[in-house]
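One-based numbering, in listed order, for ligands and for the atoms of each.
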Amino acid sequence: MKPKVYFKTFGCRTNVFDSQVMMSGLQDYEITQDESSADVIILNSCTVTNGADSSVRSYISHVEKNSRARIYLTGCGAHTKGESLFESERVFGVFGQSEKSKINSLLKNEERFYRLGDLNFVDDAIVAEFVGKSRAFIKIQEGCSFRCSYCIIPYVRGDSRSLDEAQILEQVRILAGNGFGEFILTGTNIGSYGQNSKSSIASLMKKMSLIRGLRRIRLGSLEPIQINDEFMEIITEPWLERHLHIALQHTSREMLKLMNRRNKFESDVKLFNTIAEKGFALGTDFIVGHPGESEARWQEAMENIAHIPLTHIHAFTYSKRDGTPSASMNPEVNGGVSKLRMQELQSLINTNNFNFRQTHNGLLEVLIESEKDGFYQGYDQFYNKIIIQSDEDIRGEWKSIENYTILKENNYAQL
Ligand code: SF4
């Protein structure tokens with residue numbers, strides 16, 4: 001009987017890819033989706049916010065109470081919380097992302113271990129499947145060479161480096177050959193792809209689009225300054241989703257400076273409106289409550305955001321990260337005030353999203369991803385969720401949907 005391994009993955013799509021690499025690297029172990037039957041639990045952690053750290057800690061407490069499994073910590077949290085969790089013997093082993101391909105031999109260690117490895121390694125793993133997924137996450141880049149003043153990521157993922165292009169294309173070819181049609185390009189700062197290898201994300205996508213079986217490419221988060229003419233040339237290609245996530249983080253000029261962001265409000269307005277005019281839905285990241293976000297700067301930000309055609313938003317309240325420049329900045333913003341500001345922002349964008357779906361109410365190209373309580377769920381080309389009632393199991397299928405109802409929260413269809 002092979003020992004059973006359960007994967008608990010927190011955080012971003014890059015972590016989803018990394019967990020799949022680890023799953024593919026297990027020869028002498030069996031992967032289980034049932035946590036209670038696991039002999040080993042791999043905790044692929046995130047540390048981007050305090051909330052992420054406490055989720056990891058509370059998950060470890062949950063396992064300690066309910067399971068006899070050995071816990072191993074990896075992911076970005078290994079670099080920030082690994083040492084204290086190892087010394088307090090709450091985890092059996094800690095290993096950095098560069099060690100993940102050695103997982104089969106690491107788990108055989110009878111001695112407890114703490115191995116962070118090389119922060120600037122370049123991933124060379126290729127996977128043939130995505131367990132339990134109908135779409136494939138393709139890691140193309142890792143690390144970040146930006147230095148936003150609030151962000152811990154460059155310190156736990158290293159500086160930006162690109163994966164080998166031939167390897168990426170081979171990765172897509174294998175997964176397309178195994179039936180995947182939708183590919184999500186992921187990394188820490190994917191717009192930096194190709195900077196050290198005379199390539200670019202636009203030219204990579206053009207090469208990917210020639211691969212048989214590829215139907216749609218989705219992109220992780222881009223930085224405004226990375227969207228250049230070459231990228232704008234391919235933006236209306238049929239294989240690219242009609243949604244982009246471009247990280248603003250704030251819309252107050254002063255706050256962008258304080259956060260050491262490279263984007264500027266004036267050029268952001270121009271960029272977003274140019275892309276929206278081509279029929280795109282547009283999402284962004286926004287940090288609310290960063291130190292220095294006075295009421296006046298918040299009002300400025302809300303006035304400014306009205307000029308940016310946003311339909312999706314990942315809004316976060318600022319989370320102090322030890323070791324970042326922002327951690328020593330003042331004045332801090334009261335948590336209650338941050339929450340109210342985030343709600344104000346979220347409701348504005350929810351209204352924008354509803355209005356967008358009403359004006360972009362043509363044919364929807366949907367990949368059905370999951371089923372819950374008899375209803376199926378998928379996302380269309382604008383990255384809007386649609387709930388579908390169907391008597392048949394349509395998971396993993398592509399559907400062109402013309403007749404649907406536009407509800408406040410999402411679209412709805414009966415097939
Ligand atoms: S671009 Fe800024 S926020 Fe994004 S990972 Fe890099 S440093 Fe962090």
Within 45° cone of Phe121 ring axis and under 6.0 Å: Arg161 NZ or CZ: yes
Lys139: which of Asn15, Asp123, Thr14 passes side-chain hydrogen bond (donor to acceptor under 3.5 Å, both in side chains): Asp123
Subset of ligand 1 atoms that lie under 4.0 Å from at least one heavy atom of Tyr150: 3 (S)
Distance filter under 2.8 Å, centred on atom 2 (Fe) of ligand 1 - protein N, O or S atoms that pass it: Cys148 SG
Salt bridge flag under 4.0 Å for residues Glu300 and Arg297: no
Glu182 and Arg218 ion-paired at < 4.0 Å: yes
Exercise: do Glu332 and Tyr318 side chains pair donor with acceptor under 3.5 Å: no
Side-chain heavy-atom pair Asn411, Asp380 within 4.5 angstrom cut-off: yes
